[in-house]
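In this chain, residues are counted from 1 in sequence order.
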Amino acid sequence: MSDEKRKPTPEEKAKAAAEARAKAEALRKAKEQQAEGTEQTAAAPSDAQAAGGETSEAQPAASKPVSEMTPEEKAKAKAAAAAAAAAKAKAAREAAQAGGGAGETTGGDADAKAKAAAAAKAKAAAAAAAAAKAKAAREAAQAGGGAGETTGDDADAKAKAAAAAKAKAAAAAAAAAKAKAAREAAQAGGGAGETTGDDADAKAKAAAAAKAKAAAAAAAAAKAKAGGAAGADETAEAPKPPSKNQPYLDKYVARISETFGADVLEAAYINELSKDVPTLVVKNERWHEVARFLKEDEALAFDYLSDLHGVDYEDRMEVYYHFYSYKNRQSLAVKVKTNREQPSVPSVMDIWRGADWSERETFDLLGIYFPGHTELRRILLPDEWVGYPLRKDYVQYDEEV
């Protein structure tokens, strides 16, 4: 246990101070009673005269010693002394109970004790008040400052924080209420109630704008649904802006047309489904010479064949090529069509060596021949395999396989 925990609590201090005050008061009373007993012995005849109301007869008895008094005088003096002692004891008790207001004490010792007792009482009260305030502060800090009040800078900071939080909550609630009212006004079209001021005007305008927007959307939907009817030309959308790769496509078409004529290309377009790559459809019988031109022409320089694959469209077949020019950092796609009965596309293995395995795979799975290939044979399936698995009309020859 630390030294701080061994220190007496404010309650223990207050109790010890109260016990000390009681002990000092008891000592003071004992001294007073001892002094009073001495005075009563010397002034007993006078007290007896005061108690009995006999001034003429008691005066001679004051000078008599106790041994010369008659039994009646002795009894009278004793009763008077007892009555005086009882009266003084009662007065002392009342004075002690009333805090010293009903009686008076004399002498420097009594004043010093009274002051010490008052100081101890005040000190105990101050300690108790400080302990209560500290406890209240701890409880307030634990409860978030809402259960009590603190003073000083900490109290001001907490009060400011609480006020700021309250203001923020009020502002949020007001904003939410305003937004809700605006939504309700927009839904009701502004006809369910009347508001005043700038806020009302803003809500009315917002409701009118929402209503107009909904009407315009409904009208546009109706026109779109009745597409092809009268007035459809008026609602036609503006043409889409050209692709950023359109200049490259125009360049390729111009170079090939200048060299081989315009009829060598069946089509030229931007493939929006494949990152806007410029795409050419080259006639089958002219493909090999166009392919060599694509690689060797300085303005084109497509020196890399990145992909080659075939596609079965049921009514025809196509071989799809992807090229890239490291010199110009441009891409190009080329399609070459062929029939399904005897599919054949000129080989480009002698131009791009990487076409070797790709052409063999296309032959193996689709049955497209590549005249000019030096070793055109199956690459994935065994040589005795019957049919071409990627054709849409493929039927498995051996059901057990």
Side-chain angles (χ1 to χ4, degrees), residues 233 236-356 358-363 366-374 376 391-392:
D233 295 339
E237 295 182 358
K240 294 177 65 175
S243 170
K244 63 180 181 179
N245 291 331
Q246 186 65 42
Y248 301 135
L249 178 63
D250 296 340
K251 169 187 171 183
Y252 308 152
V253 172
R255 290 293 299 156
I256 294 173
S257 299
E258 290 173 359
T259 305
F260 302 98
D263 61 344
V264 75
L265 299 177
E266 295 182 6
Y269 60 93
I270 296 294
N271 191 346
E272 297 180 354
L273 301 179
S274 181
K275 300 181 180 180
D276 281 3
V277 61
T279 304
L280 302 176
V281 181
V282 181
K283 286 186 176 181
N284 190 310
E285 61 273 13
R286 306 292 300 273
W287 165 233
H288 190 269
E289 54 183 327
V290 172
R292 187 175 296 278
F293 179 76
L294 291 175
K295 181 179 181 181
E296 295 178 354
D297 183 69
E298 291 294 333
L300 302 178
F302 287 105
D303 51 356
Y304 176 57
L305 173 63
S306 61
D307 185 29
L308 181 163
H309 63 271
V311 182
D312 182 5
Y313 288 100
E314 294 186 349
D315 62 335
R316 70 186 189 282
M317 288 189 178
E318 292 182 0
V319 178
Y320 200 7
Y321 303 85
H322 292 268
F323 300 102
Y324 184 76
S325 171
Y326 282 101
K327 175 183 176 181
N328 301 322
R329 297 184 180 276
Q330 296 172 8
S331 297
L332 172 67
V334 175
K335 290 183 178 181
V336 180
K337 299 179 181 179
T338 183
N339 58 58
R340 297 186 78 255
E341 291 73 21
Q342 293 180 346
S344 174
V345 175
S347 173
V348 293
M349 189 186 77
D350 59 329
I351 303 173
W352 294 282
R353 187 64 184 175
D356 183 5
S358 297
E359 288 182 351
R360 286 181 59 185
E361 180 181 1
T362 304
F363 164 75
L366 285 165
I368 299 176
Y369 288 86
F370 292 91
H373 195 287
T374 58
L376 189 62
R391 286 200 179 192
K392 294 185 178 179

**Q.** Heavy-atom closest pair, residues D303 and Y326
**A.** OD1-N, 3.5 Å
Atom pairs and distances, side-chain donor-acceptor, residues 288-295, under 3.5 Å, sequence neighbours left out:
{"from": "H288", "atom 1": "NE2", "to": "D350", "atom 2": "OD1", "distance (Å)": "3.3"}
{"from": "H288", "atom 1": "NE2", "to": "D350", "atom 2": "OD2", "distance (Å)": "3.1"}
{"from": "E289", "atom 1": "OE2", "to": "R286", "atom 2": "NE", "distance (Å)": "2.5"}
{"from": "R292", "atom 1": "NH1", "to": "E296", "atom 2": "OE2", "distance (Å)": "3.4"}
{"from": "R292", "atom 1": "NH2", "to": "D350", "atom 2": "OD2", "distance (Å)": "3.2"}
{"from": "K295", "atom 1": "NZ", "to": "I351", "atom 2": "O", "distance (Å)": "2.8"}

Q | Between NZ on residue K251 and CG on residue L332, distance to nearest 0.5 Å | A | 11.0 Å
Q | Distance-only side-chain donor-acceptor flag, E359 / S347, under 3.5 Å | A | yes
Q: Can you see which heavy atom on L300 is nearest to which on S325, and at what distance?
A: O-OG, 3.3 Å
Q) Going through the checks in order, is the salt bridge (Lys or Arg N to Asp or Glu O under 4.0 Å) test met by K327 and E298? A) CA-CA 9 Å; K327 175 183 176 181; E298 291 294 333; 2.9 Å; yes
**Q.** Nearest non-hydrogen partners of T338 and P343, listed with the distance
**A.** OG1-CA, 3.3 Å
Q) Does a side-chain N-to-carboxylate-O contact under 4.0 Å join D315 and R340? A) no
Q: Applying side-chain contact (heavy atoms from CB on, under 4.5 Å), run through F302 and Y321 and close with a yes or a no.
A: CA-CA 12 Å; F302 287 105; Y321 303 85; over 6 Å; no
Q.
Tell me if the aromatic rings of Y324 and H322 count as close, with their centers under 6.0 Å from one another.
A. no
Q) Can you name the nearest heavy-atom pair linking A262 to S257, along with the distance? A) CA-OG, 4.0 Å
Q: Check whether any side-chain N or O of D312 sits under 3.5 Å from a backbone N or O of K392 as a donor-acceptor pair, and report yes or no.
A: yes
Q: Measure from the ring center of W352 to the ring center of F323 and say whether it is less than 6.0 Å.
A: yes
Q: Return the orientation label for the Y248 and Y252 ring planes: parallel under 30°, perpendicular over 60°, tilted otherwise.
A: parallel
May I have the list of side-chain donor-acceptor pairs in residues 274-283 shorter than 3.5 Å, sequence neighbours left out?
{"from": "D276", "atom 1": "OD2", "to": "S243", "atom 2": "OG", "distance (Å)": "3.2"}
{"from": "T279", "atom 1": "OG1", "to": "V277", "atom 2": "O", "distance (Å)": "3.2"}
{"from": "K283", "atom 1": "NZ", "to": "D263", "atom 2": "O", "distance (Å)": "3.1"}

Q: Would you please classify the geometry between the Y320 ring and the H309 ring as parallel, tilted or perpendicular, with 30° and 60° separating the classes?
A: perpendicular
Q) Can R391 and E314 be said to form a salt bridge (Lys or Arg N to Asp or Glu O under 4.0 Å), step by step? A) CA-CA 8 Å; R391 286 200 179 192; E314 294 186 349; over 6 Å; no
Q: Identify the two heavy atoms, one from A355 and one from V348, that lie closest to each other, and give their separation to 0.1 Å.
A: CB-CG2, 3.8 Å
Q: Show the numbers, then the answer: is there a side-chain contact (heavy atoms from CB on, under 4.5 Å) between M317 and I368?
A: CA-CA 8 Å; M317 288 189 178; I368 299 176; 3.7 Å; yes
Q.
To the nearest 0.5 Å, what is the distance between CG on L305 and OG on S358?
A. 6.5 Å
**Q.** Pi-cation contact, F363 with R360 (under 6.0 Å, within 45°)
**A.** no
Q. So do the side chains of N284 and K337 get within less than 4.5 Å of each other, counting heavy atoms only?
A. no
Q. Between Y369 and Q342, is any side-chain donor less than 3.5 angstrom from a side-chain acceptor?
A. no
Q | Test item: N328 side-chain N/O and Q330 main-chain N/O as donor-acceptor pair under 3.5 Å | A | no
Q. Quick check: does any side chain N or O of D356 sit under 3.5 Å from a backbone N or O of T374, one acting as donor and the other as acceptor?
A. no
